[in-house]
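What follows is one structure encoded as structure tokens, with my remarks underneath.
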Protein chains: 2
Amino acid sequence: MDYNLYNTVKVLKKLSGSGNTVYLSSGQLAKELNVSQQTASRFIIELTEQKYIERTLQNRKQKITLLEASLDLLYSELNDLNSILEMKQDFELKGEIQNGLGEGKYYISQKGYMDQFSSKLGIKPYPGTLNIKIYPEYENILRRIRSADGTHIDGFKDNERTFGAVKCFSGRIDGTNAWLIFPERSSYTDIVEIISEKFLRKDLNLNDHDRLTIRVTLDK
Amino acid sequence: MDYNLYNTVKVLKKLSGSGNTVYLSSGQLAKELNVSQQTASRFIIELTEQKYIERTLQNRKQKITLLEASLDLLYSELNDLNSILEMKQDFELKGEIQNGLGEGKYYISQKGYMDQFSSKLGIKPYPGTLNIKIYPEYENILRRIRSADGTHIDGFKDNERTFGAVKCFSGRIDGTNAWLIFPERSSYTDIVEIISEKFLRKDLNLNDHDRLTIRVTLDK
DNA sequence: ATTACTATACCTCGAGTAA
DNA sequence: TTTACTCGAGGTATAGTAA
């Protein structure tokens with residue numbers, strides 16, 4: 001990803017405010033970027049090809065929508081700087097408990113994962129996940145966490161299928177240690193999967209749709 | 001400032017950790033940046049010319065020191081992203097009261113400033129400043145605040161001399177509203193000048209060398 | 001109004017190499 | 001070992017312009 005595209009994404013996000021859509025001609029964008037209209041046009045084409053934005057040409061100004069890749073780009077630069085400049089980063093996520101489908105249990109119980117949880121996270125997780133649907137107000141914080149590095153767990157294959165790499169972030173729920181698990185490659189979702197040594201549902205007496213708060217510290 | 005230089009500064013800061021000095025050959029830097037040794041060398045020269053770094057060539061690796069301009073660059077990018085991504089930013093500065101020299105009073109009492117304090121900040125400040133020497137642990141937070149935009153106050157001239165532009169940040173000391181004042185162009189200092197409608201020294205019963213906490217919110 | 005193609009000017013990068 | 005100059009190849013930006 002080169003800087004021109006980063007900078008273009010930054011300007012587009014700035015102009016689209018809290019939404020992710022902006023109506024903007026290539027000439028206007030050119031002024032924002034201090035480049036020619038032709039160059040701005042080229043940037044838009046490149047961003048579109050690389051799936052950072054979607055756009056629809058209209059009679060007048062084109063409508064540009066920032067895709068998840070753009071937000072990832074900005075949030076990971078933000079994380080980079082925060083980490084390099086050693087700013088403390090404490091985050092709070094709120095959401096509610098999703099009824100588990102038992103699928104998480106199948107996944108994390110795989111030896112390929114469990115061995116790494118043990119060696120890299122230093123825990124032997126309860127074989128199941130707690131799924132939290134994060135409230136929309138916290139989606140930016142969620143993006144921020146997701147785009148940080150975390151502790152990497154390699155993917156692997158067994159005879160039948162492939163299990164993807166995931167990354168983990170240390171967190172706390174009601175003072176109990178837990179880990180947030182994200183697929184390394186994934187489309188954006190508002191569901192966070194949590195694992196812990198404890199059986200959280202029982203230990204914290206949690207039920208479906210209970211509201212709860214997850215605290216995460218990105219320490220680096 | 002172009003991206004290559006931004007990125008070089010970022011890498012140099014990353015490598016110098018909490019200090020601002022790093023010993024690094026152009027070849028090593030080249031690897032970090034994924035460019036040729038020649039290009040890395042050129043970047044170092046350009047950064048030196050533009051006073052972002054200082055370096056001394058040594059027998060082996062050259063010693064590179066990041067100057068304040070580099071930190072400004074990184075902190076202002078961080079602020080940019082924070083503001084664009086609408087992350088909340090609450091900061092805490094701690095320091096102790098410096099004996100005022102009465103000079104602040106002379107400055108801020110100028111009509112050229114007072115009129116703008118009134119129109120732009122909506123306050124009629126007590127004619128004097130409280131000077132706080134910020135503890136070194138908070139210098140990064142101070143840099144972060146200083147490199148944000150704040151409320152701009154134009155500079156002006158009277159018959160005799162020139163008064164520089166300043167920028168102001170809204171803050172609180174012990175629950176009392178106050179404004180932090182920074183020269184727009186200045187070398188780095190750990191002294192923060194505070195103005196307020198109140199006579200803070202008296203109202204908050206403050207004395208020289210008292211320790212105090214300033215809270216600042218950067219909103220957008 | 002727009003967007004974006006073509007052609008050229010310009011700039012940036014890195015190989016070769018000197019000190 | 002270093003740093004950093006020269007110069008040619010390749011890449012990037014813009015003017016002109018069509019649609």
Side-chain angles (χ1 to χ4, degrees), chain A residues 1-17 19-67 69-70 73-74 77, chain B residues 1-16 19-67 69-70 73 77:
Chain A
M1 179 72 185
D2 93 343
Y3 179 64
N4 288 319
L5 300 193
Y6 166 74
N7 206 39
T8 306
V9 166
K10 215 175 104 178
V11 164
L12 289 174
K13 176 60 185 166
K14 190 187 227 161
L15 295 174
S16 64
N20 290 321
T21 303
V22 61
Y23 292 81
L24 192 75
S25 73
S26 55
Q28 286 174 299
L29 178 60
K31 269 186 198 141
E32 295 284 339
L33 295 171
N34 279 311
V35 295
S36 67
Q37 173 271 322
Q38 292 88 336
T39 297
S41 171
R42 195 160 36 80
F43 289 170
I44 291 173
I45 293 169
E46 287 173 28
L47 284 174
T48 306
E49 284 169 353
Q50 297 185 36
K51 308 251 188 279
Y52 281 92
I53 61 174
E54 252 170 28
R55 55 126 169 211
T56 46
L57 286 163
Q58 309 195 313
N59 259 7
R60 288 281 176 176
K61 295 163 188 177
Q62 58 197 323
K63 179 185 176 187
I64 295 176
T65 305
L66 291 164
L67 300 180
S70 287
L73 183 68
L74 298 177
E77 185 68 19
Chain B
M1 180 72 187
D2 93 343
Y3 179 63
N4 288 318
L5 300 192
Y6 165 75
N7 207 38
T8 306
V9 166
K10 219 176 101 178
V11 164
L12 289 173
K13 176 60 186 166
K14 191 186 226 162
L15 296 173
S16 63
N20 290 321
T21 303
V22 61
Y23 291 81
L24 192 75
S25 73
S26 56
Q28 286 175 298
L29 178 60
K31 268 185 200 141
E32 296 284 338
L33 295 170
N34 279 309
V35 296
S36 66
Q37 174 271 321
Q38 294 87 336
T39 297
S41 171
R42 218 184 38 250
F43 289 170
I44 292 172
I45 293 169
E46 286 172 31
L47 283 174
T48 307
E49 282 169 355
Q50 297 185 35
K51 308 249 188 283
Y52 281 93
I53 60 173
E54 252 170 28
R55 55 124 170 214
T56 47
L57 285 164
Q58 309 194 317
N59 259 7
R60 288 281 176 175
K61 293 164 189 180
Q62 58 197 323
K63 177 183 176 189
I64 296 177
T65 305
L66 291 164
L67 300 179
S70 286
L73 183 66
E77 185 68 18

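We name chains A, B, ... by the order of the sequence lines, and we start the count at 1 in each one.
- A sub-4.0 Å separation between OP1 or OP2 of D/dT2 and a side-chain N or O of B/Arg55 is absent.
- Side chains of B/Thr65 and B/Glu54: a donor-acceptor N/O pair is absent below 3.5 angstrom, by distance only.
- The separation between B/Tyr3 atom OH and D/dA13 atom P is 15 Å, rounded to whole Å.
- Closest approach of A/Ile53 to A/Ile44, counting heavy atoms only: CD1-O, 3.8 Å.
- Rotation axes derived from the C1' atoms of the five outermost pairs at either end of the helix from C/dT2-D/dA19 to C/dA19-D/dT2 lie 40° apart, to the nearest 10°.
- In this structure, the side chains of B/Ser16 and B/Leu66 come closer than 4.5 Å at one or more pairs of heavy atoms.
- Between A/Asn20 and A/Lys13, the closest side-chain pair of non-hydrogen atoms falls below 4.5 Å.
- The interatomic distance linking A/Ile45 (CD1) with D/dA13 (P) rounds to 13 Å, in whole Å.
- Using a 4.5 Å heavy-atom cutoff, the side chains of A/Leu73 and A/Tyr52 are in contact.
- A/Asn4 places its CG atom 13 Å from the C1' atom of C/dT12, with the value rounded to the nearest Å.
- In this structure, B/Ala40 and B/Gln37 both approach DNA chain C, and ranking their closest nucleotides by distance from the 5' end singles out B/Ala40.
- Under 4.0 angstrom from either OP1 or OP2 of D/dT3 there lies no side-chain N or O belonging to B/Ser41.
- Ring orientation note: the planes of B/Tyr3 and A/Tyr6 are tilted relative to one another, at an angle of 30° to 60°.
- Atom CG in B/Leu29 sits about 13 Å away from atom P in D/dT2, given to the nearest Å.
- Comparing atom distances between the A/Leu57 side chain and each of D/dA13, C/dT3, C/dG14 picks out C/dT3 as nearest.
- The phosphate of C/dT3 (OP1 or OP2) has a side-chain N or O of A/Gln62 nearer than 4.0 angstrom.
- Taking atom CG of residue B/Asn34 and atom C1' of nucleotide C/dG14, one finds them 14 Å apart after rounding to whole Å.
- Closest to the B/Val35 side chain, of the nucleotides C/dG14, C/dC5, C/dT3, is C/dG14.
- Nucleotide D/dC5 holds its C1' atom 17 Å from the CZ atom of B/Phe43, rounded to whole Å.
- In this structure, CD of B/Gln38 is placed 15 Å from P of D/dC7, rounded to the nearest angstrom.
- Taking 4.5 Å as the limit, every side-chain heavy atom of B/Lys10 sits out of range of all side-chain heavy atoms of B/Lys14.
- Taking side-chain N and O atoms only, B/Thr39 has a distance below 4.0 Å to OP1 or OP2 of C/dG14.
- Atom CZ in B/Arg42 sits about 18 Å away from atom C1' in D/dT2, given to the nearest Å.
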